[in-house]
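Below you'll find the structure, written out as structure tokens, and then a few comments.
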Amino acid sequence: MSIESDLYLAKDYDKKYCMQVFAPLDVAFVKGKGSYLYDTDGKKYLDMIGGIAVNSVGHAHPKLTKAIAEQSKKLIHCSNYYLIPSRSELAYRLCKKSFADKVFFSNSGAEANEAAIKLARGYFHYKGIDKYEIITAKMSFHGRTMATIAATGQPKFSQPFEPVTPGFKYVEYNDISDLQSAITDKTAAIMLELIQGESGVHPAAPDFVKAVRQLCNEKGILFIDDEIQTGVGRTGKMFCYEHYGVRPDIMTLAKGLAGGVPIGATLCTEEVSSGFHVGDHGSTFGGNPLATTAANTVLDIIESELLVENADIIGEELMDKLQAIKAKYPLIRQVRGRGLLIGIEFDPLISAKMMKDVLLEKGFLVSSIGTSTIRIAPPLNIKKYEAMSFATAIEKIMKAQAKNK
Ligand SMILES: *Cc1c(COP(=O)(O)O)cnc(C)c1O
């Protein structure tokens, strides 16, 4: 028996040989198609989490698998010492679609944020201005590297690894006066998620975001927009900042950009790009032919299949349906989010882990956050009946729970 089909062996080896940071569920997937995944027993699941907002065009999209296969037969990797035409094309396309004029490619979200933090500091350094402090929000999430755990406004991620990288400050999310009082003449940047994904899908208030932009303009501070989870169509716009009518100075992307092939991107204005000179930053893998070809293909699919529009439409229909279920069952406390990034918060009596397990049993994949919230971030090409089948499953569970209580 191969380890592919022997779940017990896989579990045993995971425990023995993998560093125990994930606590995986007792399920392994062997293939996917569209919005569905299939486990080692052939059981089918509707993937409502999409690899945490990564599988933006679903599983095994024929155009994406073909593009990756064909590129791998030609050239997977060559160094950034040479021109990479697919990298040039991807940078051009991302700039055309956004506020940005320049892009740097890496391999993950945390790396994209590392580059953003360095870029903001480099920008002031080269101007001869002594500004280096970065203000972020409490309950934010910006990654797992040493600088990004310092940026993340949740001490549990950084405390065991102290001393933390200096130069970060935290303010209440959606509280402009708290932000105002944290700004000093050393403040280089304000870094925010426009929807706090990892801590429970909390959207930023429109007034807050507008006031942040205003403050940044007045005080010569850079606005870093972490769109690693919200970017590339997820919220029903190509980028979440478009909902707010403001433009950041730096934006980071990763998760959904290449449909599952690792990639990170740090975008900025022409002005801010002066923060990096030749040799100041780099990456061995970042922007390689395979990853940038995958991302270009994801953008092709998003454009030709109107997936930003689909995320907007299906997201709204699903949100309406979930709100209607909430109105019937007070065990649902709140339904939050935008487009296809939605958090469902339950009464504290209902544990998120229980919900996740019951949904798994019924063939739906979600993630649980904290004690009583579940998050969904399905593929952007999810179909209406698929999304509605998830809402129906939630309704059935609520009905059963309401009877028990
Ligand atoms: C996932 C995430 C990150 C970190 O991305 P990795 O690829 O896991 O390093 C950073 N910021 C936000 C908003 C994220 O959702």
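The residues of the chain are indexed from 1 along the displayed sequence. As the structure lists them, so they are numbered: ligands from 1, and atoms in each ligand from 1. No hydrogens, no waters, no symmetry mates; every other heavy atom, side chains included, goes into these values.
- For atom 5 (O) of ligand 1, a protein heavy-atom neighbour is found at a distance under 4.0 Å.
- The parts of Ala110 lying near ligand 1 are both backbone and side chain, judged by heavy-atom distances below 4.0 Å.
- Using a 4.0 Å cut-off between heavy atoms, Lys255 contacts ligand 1 through its side chain alone, with no backbone atom that close.
- At a heavy-atom cutoff of 4.0 Å, ligand 1 is contacted by the backbone of His142 but not by its side chain.
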Can you list the steps and then say if Glu303 with Arg93 is a salt bridge (Lys or Arg N to Asp or Glu O under 4.0 Å)?
-> CA-CA 12 Å; Glu303 286 164 12; Arg93 291 175 78 176; 3.4 Å; yes
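- Residue Gln229 has at least one nitrogen or oxygen atom sitting less than 3.5 Å from a nitrogen or oxygen atom of ligand 1, judged on distance alone.
- Both tests hold for Lys44 against Tyr36: distance to the six-membered ring centre under 6.0 Å, angle to the ring axis within 45°.
- Heavy-atom proximity to Asn113, at under 4.0 Å, picks out these atoms of ligand 1: 10 (C), 11 (N).
- When the salt bridge (charged side-chain N to carboxylate O under 4.0 Å, His left out) test is applied to Arg336, the partners found at least two apart in sequence or on another chain are Glu345.
- Remark: ligand 1 and Phe141 share an N or O pair separated by less than 3.5 Å (distance only, no angle test).
- Salt bridge annotation for Arg213-Asp249: present, with a cationic side-chain nitrogen under 4.0 angstrom from a carboxylate oxygen.
- The Asp226 neighbourhood of ligand 1 comprises atoms 10 (C), 11 (N), 12 (C), 13 (C), with distances under 4.0 Å to a heavy atom of that residue.
- Regarding atom 7 (O) of ligand 1, its nearest protein heavy-atom neighbour is Gly109 N, 2.8 Å.
- Near Glu193, meaning under 4.0 Å from one of its heavy atoms, ligand 1 places the atoms 13 (C).
- In terms of heavy-atom proximity, Asn113 sits nearest to His142 at ND2-O, 2.9 Å.
- Annotation: Lys43, atom NZ; neighbour count of heavy atoms from other residues, nucleotides and ligands within 6.0 Å is above 12.
- Counting heavy-atom neighbours within 6.0 Å of Lys383 NZ, excluding the residue itself, gives a total of 12 or less.
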